[in-house]
Amino acid sequence: MSLGTSQVFSYPQNSLRFGLLDLKPVEITEDVKFGNVRCKVTKTKLEPTKPVSTFEELVTADNNMIFNSISIPERFNVSDLVKAFTDRSVKLFEEDKALQQEIENTKRLDRNRPFYTFVSFMKQRFEKERDNRLALDAKRFLMSNLPLTFYNQLTRFDNTCYDFLKFIQNTTRIYEYRAKYSRNSKMFTKIIKNMQSELGPIINKFDECAYACTRLRRYVIIWNADTTGDLNWPKFLDIKKIEISEFEQLNQEFNTKLHEIRLMLLNDDTEVLCKISNTPNSTVNMIGNLLGMSSATLNGGS
Amino acid sequence: MVQKARCFFLDANLVLSDILNENNPRLAKLKNDAHLNKIPCYISDSVKNEVKSKVQRTTDFLGTAIRETVYTALVESRDKRKIPSDAPIDFSDVKALEDLFSEYHVMAKRQGSLTGPLMEVEQWSIQFIADKLDKGLTITIDGFLLELTKTVLLNISTIADVCDNLVEFEKGHIKTKVIAVDERVKQIARIAEGYGIHAPDSLHVACVHQYQALKNEQAVFATRDYGIIKQKNGLWERKIHIEISDPLYAFYHF
């Protein structure tokens, strides 16, 4: 199975941070000619708040943090792992012209609702790749002896990513609508700043969870890869090759972060509250019947 | 005389029914009674733990059934028939699964155990293949197992999310009450077990009894398990006064 572009942007935290938070509105004055009349027009545009890091710098920093915080097999060293994972991400980013274009477009002057458009792009892309990500995790489960609960938690994180993007989309829509009708640039700036301060904490919380998830995934992979060439897709993920206490600790940290971001989303947006559909679904029926059985029956059932 | 505050305590089977959004008129009646009469619905943390562990155990049971039981049977059957494993699934593969599940039924009958969970997987997986074959689609063993796993992950992850929303984050009609399991609770649980109320239900009953005593509230433990309900009189004889009822009638026990 090939690794598509979704692998880089499965978790959209870096792109979102860059697109939504690290921009500030600034006023610029342009000379505009209406017929024979020249006049000055003041416009508001969005500029980065700090020197722009390259994507490579951003990913290298993330990977450095990850591989310095977990134990690694003797056959690898930290810098090799950082390089291997960074190179892969950068390659996929460079091939992803649509995303690069979208990030650039966010800073354009003439773009209507730049934040909302950018988040909608990210959400749409995330949604489109959802089935591929699920298939990838299903395949990894079948080529492993790890329990299905492990992959279920990863799928739950995927569900949470989607809820998170929905929330961000909704928030940017509301604020940009208000900003559009602001009386002056001072008001515009204030509304955009309010939006950023509302989104900041939740993006930070999401970052923490995405980091914990990526770290856990990488931990499982590096202990099952024999060479750096295997890091993309180890043949088999064997739980016996993993130090269980560290795995459990990383898993626990991930679950705690997942719990925190879900709670934050639930408190901010009741639309996140999902329900099981009433429409007949043989899988849900089967799971429901299993859940209705006593634990003893289930333990002796296979 | 001041009337004691009233509350419902729910058993795990009712919480699961709520999570699965089942059309359960009995639970709907209890929820309606609670809403109209402003009676809070609680679960003990023992029930919360049972619900969460059931979701987890069911997930791993399904994982093992797909990855080991079904996969091994299909591949072994192909090996015997000298058919490559990447050939599309056909009627012979379905019959191989029939052989596999028949063996389980015979073995279970001999051992006096239940094949319930595996029968559920049997019905579901055979129907899954049948749907593909009926539509004239071709699917390999790997493709079939991949689809099964994807479907389970998609559904069980949503169930786990809804479960957390309801019992962990309390975004519904249920609040969790943390009841310390001290010697008194353990003693009542043991007495309940003596009446045939098995763990963890014995602990749920003991926790509700303890809550009543500590908070001086009147509680009704609502369950669909008639094995527990019928033991109520025995508990009363031992001076363990606790109302246990089907959710349909729970309100009338105050």
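Letters go in sequence order (proteins before strands), and every chain restarts at 1.
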Under 4.5 Å, counting heavy-atom pairs only, tell me which of [options] racks up the most with chain B.
| options | result |
| --- | --- |
| A:Asn145, A:Asp137, A:Thr160 | A:Asn145 |
| A:Thr155, A:Asn152, A:Asn289 | A:Asn152 |
| A:Leu263, A:Val284, A:Asn285 | A:Leu263 |

Closest-packed option against chain A by number of heavy-atom pairs under 4.5 Å, given [options]:
| options | result |
| --- | --- |
| B:Leu62, B:Val55, B:Val51, B:Asn13 | B:Leu62 |
| B:Ile156, B:Ile159, B:Val152, B:Asp164 | B:Ile156 |
| B:Thr151, B:Thr149, B:Leu154 | B:Thr149 |
| B:Glu22, B:Glu168, B:Glu68, B:Gln127 | B:Glu168 |
| B:Asp161, B:Asn21, B:Asn155 | B:Asp161 |
| B:Leu145, B:Leu166, B:Ile66, B:Leu20 | B:Leu20 |

- Message: Check for me whether the distance between the ring centres of B:Phe144 and B:Tyr71 falls short of 6.0 Å.
- Response: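 No - the distance between ring centres of B:Phe144 and B:Tyr71 does not fall below the 6.0 Å cut-off.
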- Measure centre to centre between the rings of A:Phe254 and A:Tyr219, then say whether the value is under 6.0 Å.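 No, the ring of A:Phe254 stays outside the 6.0 Å limit from the ring of A:Tyr219, centre to centre.
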- Query: Do the side chains of B:Glu122 and B:Leu97 get nearer than 4.5 Å, heavy atoms only?
  - Reply: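 A side-chain contact is absent here, since even the closest heavy-atom pair is not under 4.5 Å.
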- Message: Less than 4.5 Å apart, side chain to side chain, heavy atoms only: is that true for A:Asp131 and B:Lys150?
- Response: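 The answer is yes, as the side chains (C-beta and beyond) meet within the 4.5 Å cut-off.
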- Query: Between A:Asn281 and chain B, which part of the residue has a heavy atom less than 4.5 Å away: side chain, backbone, both or neither?
  - Reply: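 The side chain, not the backbone.
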Between [X] (side chain) and [Y] (backbone), is there a donor-acceptor pair under 3.5 Å?
| X | Y | answer |
| --- | --- | --- |
| A:Asn224 | A:Val220 | yes |
| B:Arg67 | A:Ser144 | yes |
| B:Lys54 | A:Leu291 | yes |
| B:Asp86 | B:Thr140 | no |

- Heavy-atom contact with chain A under 4.5 Å, split by part of B:Leu16: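 When you check distances to chain A, only side chain atoms of B:Leu16 fall under 4.5 Å.
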